[in-house]
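The next block holds one structure in the form of structure tokens; read it before the comments.
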Protein chains: 2
Amino acid sequence: MNIKEASEKTGVSSAAIRYYEKESLIPPIDRTAVGNRDIDDRIIRRITFVTQMRAAGMSIENLRRYIELFDAQEDNTKEQKALLQEQLGVMEEKRDDLQAAIDHLNYKLNHFYDHMESTEEELRELERQHADKVAQKPTEDDDGFNNAY
Amino acid sequence: MNIKEASEKTGVSSAAIRYYEKESLIPPIDRTAVGNRDIDDRIIRRITFVTQMRAAGMSIENLRRYIELFDAQEDNTKEQKALLQEQLGVMEEKRDDLQAAIDHLNYKLNHFYDHMESTEEELRELERQHADKVAQKPTEDDDGFNNAY
DNA sequence: CCTTGCCTTGAAGTACACATGAAGGTTTAA
DNA sequence: TTAAACCTTCATGTGTACTTCAAGGCAAGG
């Protein structure tokens, strides 16, 4: 498939695919007789992988280091493992930060219902959730916003 | 406390704190007689909140929109709720991408053990995990890396 | 033959989120 | 009183990750 189809399939712009190839985030892409890129499913999977890691917050630079290790022929499994574990730690931390922020937003969202168009059913639900929150996290929760409830 | 102490307390640079104030991500900070910023715990909490949201991938622009709504006096709870829910969706998607990438790395990591210094105990553990993976996700898992096992 | 629509490379431009530097003010300590 | 160590504003610089532009090639349709 040509680069435009690949772009549509992955949601990554053609320019970005070329950029990823130049930066060696994806392997060298085969060319047709006239020099156009001919992209197969292996490349598509790589692009998707890069997209996932980028969305997860990994920089191009680190992603390249990571991929270089994997593509190398030498038996550098120890370094690979170390790099994997390092990256795993970074990502788990990020995930936890993200979850904390999600919890924060959910909390606020629930308290909106609390003083808006909430039904009694919802109110009872929220009292339960609030009790849960307080049980898990008894810390002072004033972040300086006018929480308006 | 002065800006340097606040910087050390939050891990955010002095320049970034000034930038956040200018961009209205944190409220106007009180000044001392000579015009220096005098930062209290309310501001510290706000800075921490901004840091969390930034780490969660929220842009300065969206964060400002978000905070503006919260700081406004008018009763715009509907818009607030909509914005919260929108942001929540973005963040949950991000969290899921992150979790997918973490799973991916864990899978690779497990397969390293599989052909390295793994004990028989670890091997049995991994067979179980692998079976789980296959059960949950029977899709073709070749991402184009030389998985080396 | 000419337009349309795809492609190529290489260079230059852009947006974001700060970082850094210049020029100057205040307070403390020797 | 002079230096150190903070601070201020305003302007400009920087790194990342692309995007956009310029100049041109190839193939098909009218």
Side-chain angles (χ1 to χ4, degrees), chain A residues 1-40 43-44 46-68 87 90 94 97 101, chain B residues 1-40 43-44 46-68 87 90 94 97 101:
Chain A
M1 89 189 71
N2 66 23
I3 200 169
K4 203 193 183 198
E5 288 165 332
S7 169
E8 283 158 4
K9 202 162 186 175
T10 60
V12 176
S13 76
S14 299
I17 292 174
R18 294 194 193 98
Y19 173 73
Y20 288 164
E21 188 189 12
K22 195 149 92 184
E23 295 297 316
S24 303
L25 300 188
I26 56 182
I29 301 173
D30 292 341
R31 305 307 176 103
T32 65
V34 297
N36 290 6
R37 287 174 182 81
D38 185 17
I39 297 176
D40 60 20
I43 302 292
I44 295 289
R46 279 277 195 123
I47 294 171
T48 302
F49 175 72
V50 168
T51 304
Q52 277 181 26
M53 299 298 267
R54 296 278 310 117
M58 198 179 204
S59 70
I60 297 290
E61 169 67 16
N62 280 340
L63 196 43
R64 212 200 22 244
R65 287 199 312 136
Y66 171 80
I67 284 170
E68 263 166 22
Q87 183 58 25
V90 170
K94 223 160 211 191
D97 279 359
Chain B
M1 88 189 71
N2 66 24
I3 200 168
K4 204 194 183 197
E5 289 165 330
S7 168
E8 283 157 4
K9 201 161 188 177
T10 58
V12 176
S13 75
S14 299
I17 293 175
R18 294 195 193 97
Y19 173 72
Y20 288 165
E21 188 189 13
K22 195 150 91 184
E23 296 297 319
S24 303
L25 300 188
I26 56 183
I29 300 173
D30 291 342
R31 304 309 176 103
T32 66
V34 298
N36 291 4
R37 288 174 181 79
D38 184 17
I39 297 175
D40 61 20
I43 303 290
I44 294 290
R46 278 279 194 121
I47 293 171
T48 302
F49 174 72
V50 167
T51 304
Q52 275 182 28
M53 298 298 268
R54 295 279 308 119
M58 199 181 204
S59 70
I60 297 290
E61 169 67 16
N62 280 339
L63 196 43
R64 198 165 39 70
R65 287 200 311 137
Y66 171 81
I67 286 170
E68 263 167 21
Q87 183 58 25
V90 170
K94 226 162 208 190
D97 278 359

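What you are looking at is a predicted structure, and each value in this text was computed from that prediction instead of being measured. Letters go in sequence order (proteins before strands), and every chain restarts at 1.
Distance, B/I29 CD1 to D/dT9 C1': 14 Å, rounded to whole Å. Distance, B/D38 CG to C/dT26 C1': 15 Å, rounded to whole Å. Atom pair B/K22:NZ and D/dT12:P shows a separation of 12 Å (rounding to whole Å applied). When the P atom of D/dT9 is taken as reference, atom CD1 of B/I17 falls 13 Å away, rounded to whole Å. One atom, CD of B/E21, and another, P of C/dA17, lie 18 Å apart when rounded to the nearest Å. Going from atom CZ of A/R37 over to atom P of D/dC26 covers 17 Å, rounded to whole Å. Put simply, CG on B/L25 is 11 Å from C1' on C/dA17, counting in whole angstrom units. For B/E5 and D/dC7, the CD to C1' distance is 12 Å, given to the nearest whole Å.
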5' to 3', nucleotides 13-25 of chain D under a 4.0 Å protein heavy-atom cut-off (B base, S sugar-phosphate only, - none) gives ----BBBB-----

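The pair B/R18-B/E21 fails the salt-bridge criterion, with no side-chain N (NZ, NE, NH1 or NH2) lying under 4.0 Å from an Asp/Glu carboxylate O. The pair A/E23-A/R54 does not meet the salt-bridge criterion, since no charged nitrogen lies less than 4.0 angstrom from a carboxylate oxygen. A salt bridge is defined here as a Lys NZ or Arg NE, NH1 or NH2 lying under 4.0 Å from an Asp or Glu carboxylate O, and A/R65 with A/E68 fails to meet this definition.
Side chain of A/R31, nearest nucleotide from D/dT8, C/dT27, C/dT8: C/dT8. Of the candidates C/dT9, C/dC7, D/dC6, D/dC6 carries the atom nearest the B/K4 side chain, counting heavy atoms from C-beta on.
OP1 and OP2 of C/dC6 both lie 4.0 Å or more from every side-chain N or O belonging to A/N2.
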- [ ] Let me see the working for A/R46 and A/Y20 under side-chain contact (heavy atoms from CB on, under 4.5 Å), right down to the final yes or no.
- [x] CA-CA 10 Å; A/R46 279 277 195 123; A/Y20 288 164; over 6 Å; no

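Interatomic distance, B/K9 NZ to B/T48 OG1, rounded to the nearest 0.5 Å: 9.5 Å.
Between the B/E8 side chain and the B/E5 main chain, no donor and acceptor come within less than 3.5 Å of each other.
Test B/V12, B/I29, B/I39, B/N36 against B/I3 for side-chain contact (heavy atoms from CB on, under 4.5 Å) and you get one pass: B/I39.
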